[in-house]
Amino acid sequence: MTQLFGVPLQALLGQLLLGLVNGSFYAVLSLGLAVIFGLLNIINFAHGALYMLGAFVAWMGLQYLGLNYWVMLILAPIVVGLFGIVLERLLLRHLYKLDHLYGLLLTFGLTLLIEGLFRSIYGVSGQPYSTPALLAGGVNLGFMFMPIYRAWVVVASILACLLTWFVIEKTRLGALLRAGTENPKLVEAFGVNVPLMISLTFGFGVGLAGFAGVLAAPILQVSPLMGSNLIIVVFAVVVIGGMGSILGSIVTGLGLGIIEGFTKVFWPEASSTVVFIIMVIVLLTRPAGLFGKES
């Protein structure tokens, strides 16, 4: 069997795939956080709970309404996004001119509320969600067996990230969003409804979390705690990439997922902490993050 650095090539490639899958979730979730912080200046600690909500909406759509995976892949992010708009209009709107700590505390409280509600109804044990028939099975590549669904997660996540980056960085709508957060009165003078635009931006950001939740449902058991186990790592990814950096979130999320996967092969004990070790190194050498701008 071919080996590289004393490790079978099959094991390395398997961890590369696993790292890409984890990195895809990191990229989509950190992208939603970066959109919200970069454009609205809000640290959304409830992002993990909204990721969990997306998975539960998909599961409930299948269990109670008979709606399949493909319908819920579109519908669940919309439901989560609408819920996010309600949160922004009722609660977060009053905190934009205050210190970041107020938004962090409020969204942390929302996390406890949402997770507690689902825990009281469904308990802490996970709910199974079957892989859609079209993506079931796998492909034998000779050196490894690649599950089709995991490959789909990587492709769907990268497409969602690239589309988001293009809209925000390369279109007139993205330019209006950036201008509206920096100088809302000037943009309003051109007839743009800035408060509505901000609400839709927040809804889109949390909708990305809901999208990631639907992608995760067939891989992980749908559980009230699935978001809390991931959100700390995602925040570390955002800090490493640069708070508010769209491109930084995408590149760093995918890259750190791969690094985490390879660490499980060469140094398994450090696999759960390697992201935070990298975060410390980046903060010591480049406090604004790899793609962030010094203020």
Undergrad: Would you name the heavy atoms of Val238 and Ser30 that are closest together and state the gap between them?
TA: CG2-CB, 3.5 Å
Undergrad: Can you find a heavy atom in the side chain of Trp165 that is under 4.5 Å from one in the side chain of Leu247?
TA: yes
Undergrad: Going by ring-ring contact (aromatic ring centres under 6.0 Å, His included), name the pairs with one or both residues in residues 194-238, residues two or more places apart or in two chains.
TA: Phe45-Phe235
Undergrad: Tell me whether the count of non-hydrogen atoms from other residues, nucleotides or ligands lying under 6.0 Å of CZ in Phe108 goes above 12.
TA: no
Undergrad: Hydrophobic cluster mates of Leu200, side-chain heavy atoms under 4.5 angstrom, ILVMFWY only, any path?
TA: Ile74, Ile78, Leu82, Ile85, Leu196
Undergrad: Which distance, rounded to the nearest 0.5 Å, do you find between the OG1 of Thr201 and the CD1 of Ile42?
TA: 12.5 Å
Undergrad: For the residue pair Pro147 and Trp152, establish whether any side-chain heavy-atom pair is separated by less than 4.5 Å.
TA: no
Undergrad: When hydrophobic residues are tied together by side-chain contacts of less than 4.5 Å, even through go-betweens, does Val57 share a cluster with Val86?
TA: yes
Undergrad: Would you mind reporting whether Ile36 and Ile43 have side-chain heavy atoms less than 4.5 Å apart?
TA: no
Undergrad: Hydrophobic clusters here meaning ILVMFWY residues chained together by side-chain heavy-atom distances under 4.5 Å, can you tell me if Val153 and Leu18 are in one?
TA: no
Undergrad: Please report the C-alpha distance between Tyr26 and Leu254 in whole Å, then the side-chain angles of each, then the deciding distance to 0.1 Å, and finally whether the side chain to side chain contact (heavy atoms under 4.5 Å, CB included) criterion is met.
TA: CA-CA 7 Å; Tyr26 296 163; Leu254 292 171; over 6 Å; no
Undergrad: Could you check whether any side-chain heavy atom of Leu62 comes within less than 4.5 Å of a side-chain heavy atom of Met72, counting everything from C-beta outward?
TA: no
Undergrad: Treating Ile, Leu, Val, Met, Phe, Trp and Tyr as nodes and any side-chain heavy-atom pair under 4.5 angstrom as an edge, say whether Leu104 and Leu113 lie in one connected cluster.
TA: no
Undergrad: What heavy-atom pair brings Gly241 and Thr252 nearest, and what distance separates the two atoms?
TA: CA-OG1, 3.3 Å
Undergrad: From Leu95 CG over to Glu88 CD, what is the distance, rounded to the nearest 0.5 angstrom?
TA: 10.0 Å
Undergrad: Under a single-linkage definition using a 4.5 Å side-chain heavy-atom cutoff for Ile, Leu, Val, Met, Phe, Trp and Tyr, are Ile281 and Ile232 assigned to the same hydrophobic cluster?
TA: no
Undergrad: Which residue, Ile240, Ile278, Val239, forms the side chain to side chain contact (heavy atoms under 4.5 Å, CB included) with Leu283?
TA: Val239
Undergrad: Heavy atoms only: give me the nearest Ala58-Ala76 pair and the separation to one decimal.
TA: N-CB, 4.4 Å
Undergrad: Output the distance between atom CG (Leu87) and atom CG (Asn44), rounded to the nearest 0.5 Å.
TA: 8.5 Å
Undergrad: Can you list the other members of the hydrophobic cluster that holds Val124, where links are side-chain heavy atoms under 4.5 angstrom apart?
TA: Leu225
Undergrad: Work out which heavy atom in Val28 is nearest to a heavy atom in Ala212; give both atom names and the distance.
TA: CG1-CB, 3.9 Å
Undergrad: Does Val280 belong to the same Ile/Leu/Val/Met/Phe/Trp/Tyr cluster as Val274, with side-chain heavy atoms less than 4.5 Å apart forming each link?
TA: no
Undergrad: Ignoring hydrogens and angles, tell me if any N or O in the side chain of Thr273 forms a donor-acceptor pair with the backbone of Ala270 under 3.5 Å.
TA: yes
Undergrad: Would you indicate whether the side-chain heavy atoms of Leu29 and Leu33 approach each other to under 4.5 Å?
TA: no
Undergrad: Could you walk me through whether Tyr51 and Val206 pass the side chain to side chain contact (heavy atoms under 4.5 Å, CB included) check?
TA: CA-CA 8 Å; Tyr51 157 77; Val206 301; over 6 Å; no
Undergrad: Please round to the nearest 0.5 Å and tell me the distance separating atom CD1 of Ile250 and atom CG of Leu162.
TA: 6.0 Å
Undergrad: Tyr149 side chain to Leu215 main-chain N or O, any donor-acceptor pair under 3.5 Å?
TA: yes
Undergrad: What residues, two or more places apart in sequence or in another chain, satisfy side-chain hydrogen bond (donor to acceptor under 3.5 Å, both in side chains) together with Tyr129?
TA: none
Undergrad: Any heavy-atom pair between the side chains of Arg93 and Pro195 that's under 4.5 Å?
TA: yes
Undergrad: Heavy atoms only: give me the nearest Ile148-Leu135 pair and the separation to one decimal.
TA: CB-O, 3.6 Å
Undergrad: Tell me if a side-chain donor or acceptor on Thr111 pairs with a main-chain N or O of Thr107 at a distance below 3.5 Å.
TA: yes
Undergrad: Side chains of Phe83 and Ile114, heavy atoms from C-beta outward: is any pair under 4.5 Å?
TA: yes
Undergrad: Holding to side-chain hydrogen bond (donor to acceptor under 3.5 Å, both in side chains), I want the full list of residues that pass it with Arg89, two or more places apart in sequence or in another chain.
TA: Ser199
Undergrad: Quick check for you: to the nearest 0.5 Å, what is the distance between Ile259 atom CD1 and Ile277 atom CD1?
TA: 11.5 Å
Undergrad: Grab the two heavy atoms, one from Glu115 and one from Ala49, that are nearest each other, plus how far apart they are.
TA: CG-CB, 4.4 Å
Undergrad: Should Thr171 and Phe166 count as side-chain neighbours, where that means a heavy-atom distance under 4.5 Å?
TA: yes
Undergrad: Got a sec, which residues hit side-chain contact (heavy atoms from CB on, under 4.5 Å) with Tyr122, two or more places apart in sequence or on another chain?
TA: Phe56, Trp59, Met60, Tyr64, Phe118, Gln127
Undergrad: In Å and rounded to the nearest 0.5 Å, what is the CD to OG1 distance from Glu169 to Thr164?
TA: 11.0 Å
